[in-house]
Amino acid sequence: MLWQQLINGLALGSTYALIALGYTMVYGIIQLINFAHGEIFMAGAFFAFLMVMVLKVNIFIALILAMAFCMLLGIFIEFVAYRRLRNSSRLSALISAIGVSIFLSTLALLVFGADAKGFPDGIFPNGQLQLGSVSISFLQILIFVVSGFLMLTLQFIVHRTKIGKAMRATSQDYNTAALMGVNVNMVISFTFALGSMLAAAGGVLVGVYFNAVSFNMGLLVGLKAFAAAVLGGIGSIPGAMLGGILLGVTEVFTVTVGFSSYRDAIAFAVLVLVLLFRPSGLLGQKIQKKV
Amino acid sequence: MLTIRNLSVNYGAIRALTGVSLQVQRREIIALIGANGAGKTTVLNTISGIVPATGGTIIFEDRDITRIPPHKIAAAGIAHVPEGRKVFPRMTVIENLEMGAYIRRDKEGIKASFQEVFQRFPRLSERKNQPAATLSGGEQQMLAMGRALMAKPQLVLMDEPSMGLAPLLVETIFEIIKEINQSGTTILLVEQNAHMALSIAHRAYVLEIGEIVLNGNAAELADNPEVRKAYLGE
Ligand SMILES: Nc1ncnc2c1ncn2[C@@H]1O[C@H](COP(=O)(O)OP(=O)(O)OP(=O)(O)O)[C@@H](O)[C@H]1O
Ligand SMILES: [Mg+2]
(Lines give C-alpha, C1' and ligand atoms only; values in the text may rest on other atoms or scores of the structure.)
(Ligands and ions follow the chains in the order given, each with its own letter.)
Protein backbone atom coordinates (compact mmCIF):
# COMPACT_ATOMS: atom_id res chain seq x y z
CA MET A 1 0.00 0.00 0.00
CA LEU A 2 2.69 2.41 1.07
CA TRP A 3 4.97 1.50 -1.83
CA GLN A 4 2.11 1.61 -4.28
CA GLN A 5 1.25 5.14 -3.22
CA LEU A 6 4.86 6.12 -3.37
CA ILE A 7 5.04 4.99 -6.99
CA ASN A 8 1.86 6.90 -7.80
CA GLY A 9 3.23 9.95 -6.06
CA LEU A 10 6.52 9.74 -7.91
CA ALA A 11 4.72 9.53 -11.24
CA LEU A 12 2.62 12.59 -10.50
CA GLY A 13 5.60 14.38 -9.00
CA SER A 14 7.77 13.76 -12.08
CA THR A 15 5.26 15.61 -14.22
CA TYR A 16 5.18 18.50 -11.75
CA ALA A 17 8.97 18.53 -11.84
CA LEU A 18 9.02 18.78 -15.65
CA ILE A 19 6.81 21.85 -15.50
CA ALA A 20 8.51 23.38 -12.46
CA LEU A 21 11.82 23.36 -14.38
CA GLY A 22 10.50 25.93 -16.86
CA TYR A 23 9.44 28.31 -14.11
CA THR A 24 12.75 28.02 -12.35
CA MET A 25 14.96 28.37 -15.44
CA VAL A 26 13.17 31.46 -16.70
CA TYR A 27 13.15 33.00 -13.24
CA GLY A 28 16.83 32.20 -12.86
CA ILE A 29 17.70 34.12 -15.99
CA ILE A 30 15.36 37.10 -16.14
CA GLN A 31 13.70 37.07 -12.69
CA LEU A 32 10.30 36.77 -14.31
CA ILE A 33 7.57 34.49 -13.04
CA ASN A 34 6.31 33.31 -16.38
CA PHE A 35 2.62 33.06 -15.63
CA ALA A 36 1.97 31.79 -19.14
CA HIS A 37 4.03 28.68 -18.49
CA GLY A 38 0.99 26.68 -17.31
CA GLU A 39 -0.73 27.53 -20.59
CA ILE A 40 2.28 26.33 -22.57
CA PHE A 41 1.83 23.05 -20.73
CA MET A 42 -1.86 23.07 -21.73
CA ALA A 43 -0.94 23.94 -25.32
CA GLY A 44 1.43 20.98 -25.44
CA ALA A 45 -1.33 18.62 -24.32
CA PHE A 46 -3.78 20.01 -26.89
CA PHE A 47 -1.25 19.95 -29.68
CA ALA A 48 -0.52 16.27 -29.02
CA PHE A 49 -4.26 15.60 -28.82
CA LEU A 50 -4.75 17.25 -32.22
CA MET A 51 -1.90 15.31 -33.75
CA VAL A 52 -3.34 12.05 -32.48
CA MET A 53 -6.89 12.84 -33.61
CA VAL A 54 -6.18 14.52 -36.92
CA LEU A 55 -2.93 13.06 -38.16
CA LYS A 56 -3.45 9.73 -36.37
CA VAL A 57 0.16 9.62 -35.26
CA ASN A 58 1.12 7.47 -32.30
CA ILE A 59 1.65 9.00 -28.89
CA PHE A 60 5.44 9.13 -29.12
CA ILE A 61 5.41 11.09 -32.34
CA ALA A 62 2.70 13.32 -30.88
CA LEU A 63 4.89 13.90 -27.83
CA ILE A 64 7.85 14.95 -29.92
CA LEU A 65 5.75 17.18 -32.18
CA ALA A 66 4.13 18.82 -29.14
CA MET A 67 7.58 19.50 -27.67
CA ALA A 68 8.74 21.07 -30.91
CA PHE A 69 5.57 23.15 -31.17
CA CYS A 70 5.85 24.47 -27.63
CA MET A 71 9.50 25.22 -28.10
CA LEU A 72 8.55 27.64 -30.87
CA LEU A 73 5.60 28.92 -28.86
CA GLY A 74 7.85 29.68 -25.89
CA ILE A 75 10.38 31.53 -28.05
CA PHE A 76 7.56 33.46 -29.69
CA ILE A 77 5.93 34.47 -26.39
CA GLU A 78 9.21 35.74 -24.98
CA PHE A 79 9.91 37.70 -28.13
CA VAL A 80 6.47 39.28 -28.37
CA ALA A 81 5.44 39.73 -24.76
CA TYR A 82 8.54 40.01 -22.60
CA ARG A 83 11.59 41.15 -24.55
CA ARG A 84 10.58 44.78 -24.87
CA LEU A 85 9.71 44.92 -21.20
CA ARG A 86 13.03 43.60 -20.02
CA ASN A 87 14.23 46.99 -18.85
CA SER A 88 10.89 48.12 -17.46
CA SER A 89 9.65 47.31 -14.00
CA ARG A 90 9.19 43.67 -13.11
CA LEU A 91 5.53 44.30 -12.55
CA SER A 92 4.96 45.20 -16.22
CA ALA A 93 6.47 41.93 -17.39
CA LEU A 94 4.45 40.01 -14.82
CA ILE A 95 1.23 41.64 -16.00
CA SER A 96 2.16 40.89 -19.59
CA ALA A 97 2.69 37.24 -18.57
CA ILE A 98 -0.74 37.10 -16.94
CA GLY A 99 -2.15 38.59 -20.15
CA VAL A 100 -0.56 35.91 -22.29
CA SER A 101 -1.83 33.27 -19.91
CA ILE A 102 -5.42 34.48 -20.13
CA PHE A 103 -5.13 34.86 -23.90
CA LEU A 104 -3.95 31.30 -24.41
CA SER A 105 -6.52 29.67 -22.14
CA THR A 106 -9.32 31.70 -23.70
CA LEU A 107 -8.11 30.78 -27.15
CA ALA A 108 -8.16 27.10 -26.18
CA LEU A 109 -11.67 27.53 -24.78
CA LEU A 110 -12.84 29.04 -28.07
CA VAL A 111 -11.26 26.41 -30.24
CA PHE A 112 -11.83 23.27 -28.19
CA GLY A 113 -14.80 24.16 -25.98
CA ALA A 114 -15.20 23.84 -22.25
CA ASP A 115 -15.36 20.04 -21.98
CA ALA A 116 -12.27 18.07 -21.25
CA LYS A 117 -11.08 15.98 -24.18
CA GLY A 118 -9.81 12.44 -23.79
CA PHE A 119 -7.26 10.62 -25.88
CA PRO A 120 -8.73 7.70 -27.85
CA ASP A 121 -8.70 4.27 -26.18
CA GLY A 122 -5.62 2.23 -26.74
CA ILE A 123 -3.41 5.25 -27.29
CA PHE A 124 -1.07 3.65 -24.84
CA PRO A 125 -1.01 -0.03 -23.76
CA ASN A 126 -2.97 -0.60 -20.58
CA GLY A 127 -0.83 -3.27 -18.97
CA GLN A 128 1.09 -3.14 -15.78
CA LEU A 129 4.17 -4.53 -14.17
CA GLN A 130 3.58 -6.48 -10.95
CA LEU A 131 6.38 -6.28 -8.38
CA GLY A 132 5.08 -8.14 -5.33
CA SER A 133 2.09 -6.18 -4.15
CA VAL A 134 3.07 -3.10 -6.09
CA SER A 135 1.81 -2.60 -9.60
CA ILE A 136 3.37 -0.08 -11.92
CA SER A 137 1.35 0.70 -15.03
CA PHE A 138 3.09 0.95 -18.39
CA LEU A 139 1.97 4.56 -18.43
CA GLN A 140 3.78 5.24 -15.18
CA ILE A 141 6.87 3.58 -16.59
CA LEU A 142 6.55 5.87 -19.60
CA ILE A 143 6.36 8.86 -17.26
CA PHE A 144 9.46 7.76 -15.38
CA VAL A 145 11.43 7.04 -18.52
CA VAL A 146 10.49 10.23 -20.36
CA SER A 147 10.88 12.58 -17.41
CA GLY A 148 14.06 10.86 -16.21
CA PHE A 149 15.57 11.08 -19.67
CA LEU A 150 14.59 14.73 -20.11
CA MET A 151 15.93 15.76 -16.72
CA LEU A 152 19.25 13.99 -17.30
CA THR A 153 19.53 15.60 -20.72
CA LEU A 154 18.81 18.98 -19.17
CA GLN A 155 21.52 18.46 -16.55
CA PHE A 156 23.92 17.53 -19.30
CA ILE A 157 23.06 20.61 -21.35
CA VAL A 158 23.32 22.98 -18.42
CA HIS A 159 26.61 21.68 -17.07
CA ARG A 160 28.51 20.28 -20.01
CA THR A 161 27.69 22.31 -23.09
CA LYS A 162 28.77 25.78 -24.07
CA ILE A 163 25.25 27.15 -24.31
CA GLY A 164 24.44 25.61 -20.91
CA LYS A 165 27.41 27.36 -19.34
CA ALA A 166 26.28 30.57 -20.98
CA MET A 167 22.85 30.04 -19.39
CA ARG A 168 24.37 29.63 -15.95
CA ALA A 169 26.64 32.62 -16.42
CA THR A 170 23.73 34.76 -17.61
CA SER A 171 21.63 33.77 -14.60
CA GLN A 172 24.48 34.59 -12.23
CA ASP A 173 25.43 37.91 -13.80
CA TYR A 174 23.56 39.12 -16.84
CA ASN A 175 25.80 42.05 -17.81
CA THR A 176 29.07 40.25 -17.20
CA ALA A 177 27.90 37.32 -19.31
CA ALA A 178 27.39 39.78 -22.15
CA LEU A 179 30.92 41.12 -21.58
CA MET A 180 32.20 37.58 -22.15
CA GLY A 181 30.64 37.60 -25.59
CA VAL A 182 27.44 35.78 -24.68
CA ASN A 183 24.50 36.81 -26.83
CA VAL A 184 22.09 37.07 -23.91
CA ASN A 185 19.01 37.43 -26.10
CA MET A 186 19.84 34.15 -27.74
CA VAL A 187 20.43 32.51 -24.35
CA ILE A 188 17.07 33.76 -23.11
CA SER A 189 15.30 32.38 -26.20
CA PHE A 190 17.09 29.09 -25.65
CA THR A 191 15.96 29.01 -22.02
CA PHE A 192 12.34 29.58 -23.03
CA ALA A 193 12.69 26.87 -25.66
CA LEU A 194 14.00 24.33 -23.16
CA GLY A 195 11.48 25.17 -20.45
CA SER A 196 8.54 25.12 -22.86
CA MET A 197 9.65 21.83 -24.34
CA LEU A 198 9.70 20.24 -20.90
CA ALA A 199 6.28 21.72 -20.10
CA ALA A 200 4.91 20.25 -23.33
CA ALA A 201 6.23 16.82 -22.36
CA GLY A 202 4.58 17.27 -18.95
CA GLY A 203 1.32 18.29 -20.65
CA VAL A 204 1.20 15.24 -22.88
CA LEU A 205 2.05 12.89 -20.01
CA VAL A 206 -0.55 14.44 -17.69
CA GLY A 207 -3.12 14.47 -20.50
CA VAL A 208 -2.64 10.77 -21.13
CA TYR A 209 -2.30 9.87 -17.42
CA PHE A 210 -5.62 11.45 -16.40
CA ASN A 211 -7.03 11.03 -19.89
CA ALA A 212 -8.19 14.61 -19.88
CA VAL A 213 -7.07 17.67 -21.79
CA SER A 214 -8.88 20.92 -21.08
CA PHE A 215 -8.48 24.63 -21.60
CA ASN A 216 -8.03 25.30 -17.88
CA MET A 217 -5.67 22.44 -17.01
CA GLY A 218 -2.75 24.85 -17.06
CA LEU A 219 -4.08 26.91 -14.21
CA LEU A 220 -4.04 24.45 -11.32
CA VAL A 221 -1.17 22.30 -12.51
CA GLY A 222 0.76 25.44 -13.38
CA LEU A 223 0.22 26.82 -9.90
CA LYS A 224 1.29 23.57 -8.31
CA ALA A 225 4.40 23.36 -10.46
CA PHE A 226 5.17 26.95 -9.59
CA ALA A 227 4.74 26.04 -5.91
CA ALA A 228 7.12 23.13 -6.52
CA ALA A 229 9.70 25.47 -8.03
CA VAL A 230 9.47 27.82 -5.06
CA LEU A 231 9.54 24.89 -2.64
CA GLY A 232 12.78 23.64 -4.20
CA GLY A 233 14.23 27.15 -4.36
CA ILE A 234 13.29 29.25 -7.38
CA GLY A 235 16.20 29.48 -9.78
CA SER A 236 17.60 26.10 -8.76
CA ILE A 237 17.28 23.30 -11.31
CA PRO A 238 17.80 20.39 -8.88
CA GLY A 239 15.45 22.28 -6.54
CA ALA A 240 12.64 22.22 -9.11
CA MET A 241 13.09 18.49 -9.60
CA LEU A 242 13.05 17.82 -5.87
CA GLY A 243 10.16 20.21 -5.25
CA GLY A 244 8.05 18.61 -7.97
CA ILE A 245 8.60 15.09 -6.70
CA LEU A 246 7.95 16.07 -3.07
CA LEU A 247 4.76 17.82 -4.01
CA GLY A 248 3.48 14.88 -6.08
CA VAL A 249 4.21 12.38 -3.31
CA THR A 250 2.62 14.59 -0.65
CA GLU A 251 -0.47 15.06 -2.76
CA VAL A 252 -0.94 11.34 -3.34
CA PHE A 253 -0.46 10.54 0.35
CA THR A 254 -2.98 13.21 1.30
CA VAL A 255 -5.53 11.45 -0.85
CA THR A 256 -4.56 8.06 0.56
CA VAL A 257 -5.10 9.03 4.16
CA GLY A 258 -8.56 10.27 3.24
CA PHE A 259 -8.22 14.00 2.80
CA SER A 260 -8.82 13.86 -0.92
CA SER A 261 -10.87 17.04 -0.96
CA TYR A 262 -7.82 18.85 0.36
CA ARG A 263 -5.44 17.47 -2.24
CA ASP A 264 -4.99 20.79 -4.00
CA ALA A 265 -4.72 22.77 -0.80
CA ILE A 266 -1.99 20.58 0.60
CA ALA A 267 0.54 21.62 -2.04
CA PHE A 268 0.26 25.18 -0.91
CA ALA A 269 0.21 24.28 2.77
CA VAL A 270 3.52 22.47 2.31
CA LEU A 271 4.87 25.45 0.43
CA VAL A 272 3.95 27.90 3.18
CA LEU A 273 5.39 25.62 5.86
CA VAL A 274 8.72 25.16 4.11
CA LEU A 275 9.06 28.84 3.30
CA LEU A 276 8.44 29.77 6.93
CA PHE A 277 11.56 27.85 7.88
CA ARG A 278 13.60 28.21 4.71
CA PRO A 279 12.62 31.38 2.88
CA SER A 280 14.88 30.58 -0.05
CA GLY A 281 13.40 27.10 -0.56
CA LEU A 282 14.99 23.70 -0.05
CA LEU A 283 17.92 24.03 -2.44
CA GLY A 284 17.72 27.73 -3.21
CA GLN A 285 20.54 30.19 -2.96
CA LYS A 286 20.43 32.33 0.12
CA ILE A 287 18.84 35.53 -1.02
CA GLN A 288 21.69 37.98 -1.27
CA LYS A 289 21.34 41.68 -1.12
CA LYS A 290 22.97 43.36 -4.07
CA VAL A 291 25.75 45.67 -2.97
CA MET B 1 43.34 51.66 -31.84
CA LEU B 2 40.44 53.13 -29.83
CA THR B 3 39.12 56.60 -30.52
CA ILE B 4 36.30 58.11 -28.52
CA ARG B 5 34.89 61.34 -29.86
CA ASN B 6 32.56 63.65 -28.04
CA LEU B 7 30.86 60.90 -26.07
CA SER B 8 27.79 61.77 -23.99
CA VAL B 9 25.87 59.42 -21.77
CA ASN B 10 22.68 59.99 -19.80
CA TYR B 11 21.10 57.79 -17.20
CA GLY B 12 17.51 58.87 -17.56
CA ALA B 13 17.59 62.55 -16.69
CA ILE B 14 21.05 62.35 -15.13
CA ARG B 15 23.91 63.36 -17.36
CA ALA B 16 26.94 61.19 -16.60
CA LEU B 17 29.33 62.09 -19.45
CA THR B 18 29.59 65.25 -21.52
CA GLY B 19 31.70 65.40 -24.65
CA VAL B 20 34.35 62.92 -23.59
CA SER B 21 37.09 62.35 -26.15
CA LEU B 22 40.03 60.08 -25.67
CA GLN B 23 42.41 57.95 -27.65
CA VAL B 24 44.25 54.75 -26.98
CA GLN B 25 47.19 53.72 -29.19
CA ARG B 26 48.26 50.15 -29.68
CA ARG B 27 50.45 48.81 -26.84
CA GLU B 28 49.78 51.73 -24.55
CA ILE B 29 48.62 51.73 -20.95
CA ILE B 30 46.19 54.61 -20.61
CA ALA B 31 45.06 55.65 -17.16
CA LEU B 32 41.70 57.28 -16.59
CA ILE B 33 41.56 58.85 -13.16
CA GLY B 34 38.93 60.82 -11.33
CA ALA B 35 36.98 61.07 -8.10
CA ASN B 36 33.99 58.96 -7.06
CA GLY B 37 31.11 59.47 -9.44
CA ALA B 38 33.21 61.24 -12.07
CA GLY B 39 32.00 58.79 -14.71
CA LYS B 40 34.98 56.45 -15.12
CA THR B 41 32.94 53.26 -14.98
CA THR B 42 30.42 54.79 -17.34
CA VAL B 43 33.17 55.35 -19.94
CA LEU B 44 34.20 51.69 -19.81
CA ASN B 45 30.64 50.38 -19.79
CA THR B 46 29.79 52.50 -22.80
CA ILE B 47 32.80 51.19 -24.71
CA SER B 48 31.67 47.64 -23.91
CA GLY B 49 28.13 48.39 -24.99
CA ILE B 50 26.33 47.66 -21.73
CA VAL B 51 25.46 51.33 -21.34
CA PRO B 52 24.10 53.06 -24.48
CA ALA B 53 25.73 56.26 -25.67
CA THR B 54 23.51 59.30 -26.00
CA GLY B 55 25.85 61.00 -28.44
CA GLY B 56 29.32 60.78 -29.93
CA THR B 57 31.21 57.88 -31.49
CA ILE B 58 33.46 55.07 -30.38
CA ILE B 59 35.78 53.72 -33.06
CA PHE B 60 37.73 50.54 -32.44
CA GLU B 61 40.21 49.41 -35.10
CA ASP B 62 38.51 51.55 -37.77
CA ARG B 63 35.11 50.17 -36.92
CA ASP B 64 32.27 52.17 -35.39
CA ILE B 65 31.19 50.19 -32.32
CA THR B 66 29.03 52.89 -30.74
CA ARG B 67 25.74 51.04 -31.19
CA ILE B 68 26.88 47.45 -31.35
CA PRO B 69 25.64 44.97 -28.71
CA PRO B 70 28.14 43.92 -26.03
CA HIS B 71 28.69 40.37 -27.25
CA LYS B 72 29.86 41.66 -30.63
CA ILE B 73 32.19 44.14 -28.99
CA ALA B 74 33.73 41.30 -27.00
CA ALA B 75 34.12 39.35 -30.21
CA ALA B 76 35.85 42.35 -31.82
CA GLY B 77 38.67 41.99 -29.28
CA ILE B 78 37.80 44.14 -26.26
CA ALA B 79 37.84 42.41 -22.87
CA HIS B 80 36.54 44.04 -19.71
CA VAL B 81 37.56 43.45 -16.11
CA PRO B 82 34.50 45.00 -14.48
CA GLU B 83 34.31 47.11 -11.36
CA GLY B 84 33.94 44.84 -8.33
CA ARG B 85 35.36 41.82 -10.23
CA LYS B 86 31.99 40.30 -11.09
CA VAL B 87 33.23 36.72 -11.21
CA PHE B 88 30.46 34.16 -11.71
CA PRO B 89 30.03 33.15 -8.08
CA ARG B 90 28.60 29.65 -8.47
CA MET B 91 30.90 28.62 -11.28
CA THR B 92 34.30 27.13 -10.58
CA VAL B 93 37.57 28.89 -11.38
CA ILE B 94 37.92 26.74 -14.50
CA GLU B 95 34.39 27.49 -15.63
CA ASN B 96 34.93 31.21 -15.10
CA LEU B 97 38.02 31.04 -17.27
CA GLU B 98 36.11 29.04 -19.88
CA MET B 99 33.56 31.83 -19.98
CA GLY B 100 36.42 34.22 -20.68
CA ALA B 101 37.24 32.17 -23.77
CA TYR B 102 33.58 32.02 -24.82
CA ILE B 103 34.17 33.84 -28.11
CA ARG B 104 37.02 31.54 -29.14
CA ARG B 105 36.83 28.28 -31.03
CA ASP B 106 40.48 27.24 -31.27
CA LYS B 107 40.66 24.39 -28.74
CA GLU B 108 44.45 24.23 -28.79
CA GLY B 109 44.84 27.97 -28.39
CA ILE B 110 42.42 27.96 -25.45
CA LYS B 111 44.47 25.23 -23.80
CA ALA B 112 47.59 27.33 -24.21
CA SER B 113 45.79 30.33 -22.71
CA PHE B 114 44.83 28.24 -19.68
CA GLN B 115 48.52 27.41 -19.24
CA GLU B 116 49.50 31.05 -19.50
CA VAL B 117 46.86 32.22 -17.05
CA PHE B 118 47.77 29.55 -14.52
CA GLN B 119 51.42 30.48 -14.90
CA ARG B 120 50.68 34.12 -14.30
CA PHE B 121 48.32 33.38 -11.41
CA PRO B 122 49.52 30.18 -9.72
CA ARG B 123 46.98 30.78 -6.95
CA LEU B 124 44.17 30.18 -9.44
CA SER B 125 45.60 26.87 -10.51
CA GLU B 126 45.58 25.70 -6.88
CA ARG B 127 41.91 26.59 -6.68
CA LYS B 128 40.80 25.32 -10.08
CA ASN B 129 37.71 23.48 -8.96
CA GLN B 130 36.56 25.86 -6.27
CA PRO B 131 33.43 27.98 -6.84
CA ALA B 132 34.53 31.57 -7.43
CA ALA B 133 32.42 32.79 -4.50
CA THR B 134 34.79 31.00 -2.12
CA LEU B 135 37.88 32.91 -3.33
CA SER B 136 39.33 35.84 -1.43
CA GLY B 137 38.98 39.34 -2.84
CA GLY B 138 42.49 39.31 -4.27
CA GLU B 139 42.00 35.91 -5.83
CA GLN B 140 38.74 37.05 -7.37
CA GLN B 141 40.57 40.01 -8.89
CA MET B 142 43.14 37.64 -10.35
CA LEU B 143 40.33 35.48 -11.68
CA ALA B 144 38.62 38.45 -13.29
CA MET B 145 41.90 39.43 -14.93
CA GLY B 146 42.67 35.87 -16.00
CA ARG B 147 39.16 35.56 -17.40
CA ALA B 148 39.72 38.67 -19.53
CA LEU B 149 43.05 37.31 -20.80
CA MET B 150 41.38 34.05 -21.84
CA ALA B 151 39.72 35.99 -24.66
CA LYS B 152 43.15 36.88 -26.13
CA PRO B 153 41.96 40.47 -26.38
CA GLN B 154 43.52 43.34 -28.30
CA LEU B 155 42.40 45.79 -25.65
CA VAL B 156 41.62 45.21 -21.98
CA LEU B 157 39.45 47.62 -20.01
CA MET B 158 40.22 47.43 -16.28
CA ASP B 159 37.96 49.05 -13.74
CA GLU B 160 39.65 49.71 -10.40
CA PRO B 161 41.62 46.48 -10.10
CA SER B 162 43.16 47.70 -6.84
CA MET B 163 39.85 48.30 -5.09
CA GLY B 164 39.76 46.84 -1.60
CA LEU B 165 43.11 45.05 -1.82
CA ALA B 166 45.96 45.15 0.67
CA PRO B 167 48.88 47.39 -0.39
CA LEU B 168 51.22 44.47 -1.06
CA LEU B 169 48.67 42.83 -3.32
CA VAL B 170 48.06 46.13 -5.11
CA GLU B 171 51.76 46.19 -6.01
CA THR B 172 51.52 42.65 -7.38
CA ILE B 173 48.40 43.43 -9.40
CA PHE B 174 50.01 46.50 -10.95
CA GLU B 175 53.16 44.51 -11.68
CA ILE B 176 51.01 41.98 -13.52
CA ILE B 177 49.20 44.70 -15.46
CA LYS B 178 52.58 45.97 -16.62
CA GLU B 179 53.61 42.47 -17.68
CA ILE B 180 50.39 41.93 -19.56
CA ASN B 181 51.01 45.17 -21.40
CA GLN B 182 54.60 44.25 -22.16
CA SER B 183 53.48 41.02 -23.75
CA GLY B 184 51.55 43.09 -26.28
CA THR B 185 48.10 43.87 -24.88
CA THR B 186 46.77 47.41 -24.83
CA ILE B 187 45.21 48.54 -21.56
CA LEU B 188 42.73 51.21 -20.57
CA LEU B 189 42.96 51.43 -16.80
CA VAL B 190 40.45 53.16 -14.56
CA GLU B 191 41.76 53.86 -11.09
CA GLN B 192 41.15 55.84 -7.94
CA ASN B 193 44.64 54.95 -6.89
CA ALA B 194 46.04 57.70 -9.12
CA HIS B 195 49.53 57.32 -7.75
CA MET B 196 49.88 53.70 -8.84
CA ALA B 197 48.01 54.22 -12.08
CA LEU B 198 50.22 57.14 -13.16
CA SER B 199 53.32 55.17 -12.26
CA ILE B 200 52.63 52.43 -14.82
CA ALA B 201 50.66 54.35 -17.47
CA HIS B 202 52.11 55.97 -20.57
CA ARG B 203 49.46 58.60 -20.83
CA ALA B 204 46.52 59.59 -18.69
CA TYR B 205 43.20 61.42 -18.74
CA VAL B 206 41.58 63.16 -15.78
CA LEU B 207 37.81 63.00 -15.58
CA GLU B 208 35.82 65.46 -13.47
CA ILE B 209 32.03 65.31 -13.26
CA GLY B 210 31.68 63.71 -16.65
CA GLU B 211 34.24 65.81 -18.51
CA ILE B 212 37.89 65.34 -19.40
CA VAL B 213 39.71 68.23 -17.75
CA LEU B 214 43.33 67.26 -18.28
CA ASN B 215 45.30 64.78 -20.31
CA GLY B 216 48.85 64.08 -21.24
CA ASN B 217 51.95 62.16 -20.46
CA ALA B 218 51.48 60.19 -17.23
CA ALA B 219 54.78 61.28 -15.67
CA GLU B 220 54.03 64.92 -16.44
CA LEU B 221 50.54 64.68 -15.02
CA ALA B 222 51.99 63.16 -11.87
CA ASP B 223 54.07 66.34 -11.52
CA ASN B 224 51.19 68.67 -12.28
CA PRO B 225 50.39 70.64 -9.11
CA GLU B 226 46.64 70.45 -9.65
CA VAL B 227 46.73 66.71 -10.06
CA ARG B 228 49.00 66.34 -7.08
CA LYS B 229 46.58 68.32 -4.98
CA ALA B 230 43.37 66.70 -6.13
CA TYR B 231 44.38 63.09 -6.72
CA LEU B 232 47.70 62.39 -5.09
CA GLY B 233 46.74 63.75 -1.70
CA GLU B 234 49.32 66.49 -1.46
N1 LIG C 1 22.75 52.92 -13.58
C2 LIG C 1 22.79 54.20 -13.22
N3 LIG C 1 21.66 54.92 -13.10
C4 LIG C 1 21.69 56.23 -12.76
N5 LIG C 1 22.82 56.91 -12.52
C6 LIG C 1 23.98 56.25 -12.62
C7 LIG C 1 24.03 54.86 -12.97
N8 LIG C 1 25.31 54.48 -12.98
C9 LIG C 1 26.03 55.58 -12.65
N10 LIG C 1 25.24 56.63 -12.44
C11 LIG C 1 25.68 58.00 -12.10
O12 LIG C 1 26.59 58.43 -13.08
C13 LIG C 1 27.69 59.09 -12.49
C14 LIG C 1 29.00 58.44 -12.87
O15 LIG C 1 29.04 57.14 -12.30
P16 LIG C 1 30.24 56.15 -12.53
O17 LIG C 1 29.89 54.87 -11.88
O18 LIG C 1 30.59 56.10 -13.95
O19 LIG C 1 31.40 56.86 -11.71
P20 LIG C 1 32.86 56.36 -11.36
O21 LIG C 1 33.78 57.43 -11.78
O22 LIG C 1 33.10 55.01 -11.88
O23 LIG C 1 32.79 56.34 -9.77
P24 LIG C 1 33.53 55.34 -8.73
O25 LIG C 1 34.92 55.80 -8.62
O26 LIG C 1 32.77 55.58 -7.45
O27 LIG C 1 33.41 53.97 -9.25
C28 LIG C 1 27.42 59.11 -11.00
O29 LIG C 1 26.87 60.34 -10.66
C30 LIG C 1 26.43 58.01 -10.80
O31 LIG C 1 25.60 58.29 -9.70
MG1 LIG D 1 33.46 53.25 -11.02
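Per chain, numbering begins at 1; letters A, B, ... match sequence-line order. The analysis underlying the following values was restricted to heavy atoms, covering all of them including side chains, and did not include hydrogens, waters or symmetry mates. Everything numeric here is computed off the predicted structure, so don't read it as measured data.
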Could you work out, with side chain to side chain donor-acceptor pair (under 3.5 Å) as the rule, every residue matching A:Y27, not counting sequence neighbours? none
I need the A:I30 CD1 to A:I33 CD1 distance, nearest 0.5 Å. 11.0 Å
Under 4.5 Å heavy-atom distance to chain A, tell me which part of B:I103 shows up: side chain, backbone, both or neither. both
Just by modelled atom types, is the A:L94 backbone N or O under 3.5 Å from a matching donor or acceptor in the A:Y82 side chain? no
Ring pair (Phe, Tyr, Trp, His ring centres under 6.0 Å) partners for A:F69, two or more places apart: A:F47
How many angstroms lie between atom CG of A:L223 and atom CG of A:L271, to the nearest 0.5 angstrom? 10.5 Å
B:L17 and side chain to side chain contact (heavy atoms under 4.5 Å, CB included): which single residue from B:I4, B:I212, B:V9 fits? B:V9
Report every donor-acceptor pair between chain A and chain B with a separation under 3.5 Å, backbone and side chains included.
residue : atom : partner : partner atom : Å
A:K162  : NZ   : B:Y102  : O            : 2.7
A:K162  : NZ   : B:R104  : O            : 3.3
A:K165  : NZ   : B:E98   : OE1          : 2.9
A:R168  : NH1  : B:E95   : OE2          : 3.1
A:R168  : NH2  : B:E95   : OE1          : 3.0
A:R168  : NH2  : B:E95   : OE2          : 3.3
A:Q172  : OE1  : B:R90   : N            : 2.9

Would you give the length of the straight line joining atom CD1 of B:I187 to atom CG of B:L189, rounded to the nearest 0.5 angstrom? 7.5 Å
pair B:F121-B:I176: side-chain heavy atoms closer than 4.5 Å: yes
Could you please state which residues from residues 191-199 of chain A sit under 4.5 angstrom from chain B, measuring non-hydrogen atom to non-hydrogen atom, sorted by number, or 'none'? none
Atom CZ of A:F41 and atom OG1 of A:T15: how far apart are they, to the nearest 0.5 Å? 7.0 Å
Between B:P69, B:A74, B:G100, the one whose heavy-atom pairs under 4.5 Å with chain A are most numerous: B:A74
